[in-house]
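Below is one structure, written out as structure tokens; the observations come after it.
Chain A is the first sequence line, chain B the second, and so forth, proteins listed ahead of strands; every chain is numbered from 1.
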Number of protein chains: 4
Amino acid sequence: MDHDGPDFVWEQVAADLRADIESGALAPGVRLPSESALASIYGVARGTIGRALLKLKEDGLVVTRFGRGTFVART
Amino acid sequence: MDHDGPDFVWEQVAADLRADIESGALAPGVRLPSESALASIYGVARGTIGRALLKLKEDGLVVTRFGRGTFVART
Amino acid sequence: MDHDGPDFVWEQVAADLRADIESGALAPGVRLPSESALASIYGVARGTIGRALLKLKEDGLVVTRFGRGTFVART
Amino acid sequence: MDHDGPDFVWEQVAADLRADIESGALAPGVRLPSESALASIYGVARGTIGRALLKLKEDGLVVTRFGRGTFVART
DNA sequence: GTGGTCTAGACCACT
DNA sequence: GTGGTCTAGACCACC
């Protein structure tokens with residue numbers, strides 16, 4: 001198999017979470033699992049999850065409340 | 001109406017909670033409402049709740065875990 | 001662009017209260033709002049307020065009387 | 001009966017670790033277990049361990065290297 | 001994978 | 001009704 005360019009793990013995680021949000025499986029206002037939990041679920045390192053969530057934050061799909069968790073954006 | 005002796009509010013609260021525990025309305029292992037919440041529910045001061053719970057602790061009906069809450073004893 | 005170092009929430013709260021004290025908006029001997037009230041005002045957790053007040057105590061700007069409240073120091 | 005003052009959990013943890021250091025069970029330069037591990041060992045919350053270690057740092061018994069761990073001081 | 005900071009809410013000692 | 005201490009668990013910066 002081949003691919004046209006860089007194919008980072010965090011991008012795959014971000015795409016997967018984005019699909020869950022856009023499909024409504026993760027509804028607005030819902031809290032995502034913790035970064036540690038997501039790391040276990042996806043079988044990747046915690047920093048990888050952080051990078052994926054950063055992308056979703058930049059895209060306005062999730063918001064993070066310090067010390068509380070990361071939530072699906074309400075807009 | 002009359003009564004035969006001292007009739008403290010905390011005793012009434014303790015008796016009420018004891019009834020809930022013995023009837024099973026408050027099952028073993030269940031966490032009681034916080035002292036603040038109980039104070040609102042019974043319409044009494046917080047210290048009164050504390051005195052009532054102290055009695056239940058002495059009687060072994062509840063146990064308190066510091067910083068967590070007060071729970072119905074599992075005996 | 002750069003900055004002078006970490007910029008913690010409790011430091012911002014401490015700086016804000018310090019400014020109110022030094023400007024005289026909070027006069028010597030005056031009682032500060034309770035930690036719970038300050039937590040609501042600043043929109044932070046009570047522990048964060050406690051951390052900020054601890055700094056002001058170390059700096060001698062406020063004194064705390066157990067069970068009474070926190071007061072602006074008189075010197 | 002009397003006692004010499006408040007007897008907080010973090011003080012007990014600090015005293016226990018101090019004893020291990022002074023007895024040589026924890027030798028200079030050795031890395032202590034992580035705060036999470038100590039929390040499990042002592043059966044307390046991580047914040048309580050942090051409070052105990054803060055005291056030991058103030059007393060110069062341990063030093064902490066950010067992101068590496070906490071070590072028994074060499075002097 | 002560590003320590004640092006923060007949230008939220010509990011009980012407790014004291015006034 | 002105050003501040004003090006503690007629990008549990010979150011995200012973050014750094015190594």
*Calculate the interatomic distance between B:Leu54 atom CG and E:dA13 atom C1'; express it in whole Å.*
14 Å
*Phosphate contact (F:dC11 OP1 or OP2) by A:Lys57 side-chain N/O below 4.0 Å*: no
*What pair of heavy atoms forms the shortest contact from A:Phe71 to A:Leu32, and how long is it?*
C-CD1, 4.1 Å
*Taking only N and O in the side chain of D:Arg51, is any of them less than 4.0 Å away from OP1 or OP2 of F:dT5?*
yes
*Select base, sugar-phosphate, or nothing to describe what D:Thr70 touches, counting heavy atoms under 4.0 Å on all strands.*
sugar-phosphate
*Mind checking the CG-CZ spacing from D:Leu61 to D:Arg18? Nearest 0.5 Å is all I need.*
5.0 Å
*Specify the separation, in whole Å, of atom CZ of D:Phe66 and atom C1' of E:dG1.*
12 Å
*Inter-residue atom distance A:Thr70.OG1 - A:Leu56.CG, 0.5 Å rounding*: 9.5 Å
_Rounded interatomic separation in angstrom, taking CZ from D:Arg46 and P from E:dC6_ = 13 Å
*asked:* For C:Ser34 and D:Val9, find the nucleotide of DNA chain F closest to each by heavy atoms; which residue's nucleotide sits nearer the 5' end?
replied: C:Ser34
*Between F:dA8 (C1') and A:Arg31 (CZ): distance, integer Å*: 12 Å
*Between E:dG9 atom P and B:Leu38 atom CG, what is the distance in whole Å?*
16 Å
_Residue pair A:Glu58 / A:Leu54, side-chain heavy-atom distance below 4.5 Å_ = yes
*Could you check how far CD1 of C:Ile49 sits from C1' of F:dT5, rounded to whole Å?*
17 Å
*Starting at CD of D:Glu35 and ending at C1' of F:dC12, how long is that distance when rounded to a whole Å?*
15 Å
_Minimum-distance nucleotide (side-chain atoms of C:Thr64 versus F:dG4, E:dG3, F:dT5)_ = F:dG4
*Specify the residue among D:Gly47 and D:Gly67 whose closest nucleotide of DNA chain F lies further upstream toward the 5′ end.*
D:Gly47
*Look at the side-chain N and O atoms of D:Thr48 and state whether any lies under 4.0 Å from the OP1 or OP2 oxygen of F:dT7.*
yes
*Please report the C-alpha distance between B:Leu38 and B:Val13 in whole Å, then the side-chain angles of each, then the deciding distance to 0.1 Å, and finally whether the side chain to side chain contact (heavy atoms under 4.5 Å, CB included) criterion is met.*
CA-CA 9 Å; B:Leu38 288 172; B:Val13 173; over 6 Å; no
*Gap between atoms CZ and C1', on B:Arg68 and F:dC6 respectively (whole Å)*: 11 Å
*Under 4.0 angstrom, heavy atoms only, what part of the nucleic acid is D:Arg65 near: base, sugar-phosphate, or nothing?*
nothing
*Pair assignment for F:dT2, Watson-Crick or G-U wobble, requiring both distances under 3.5 Å*: E:dA13
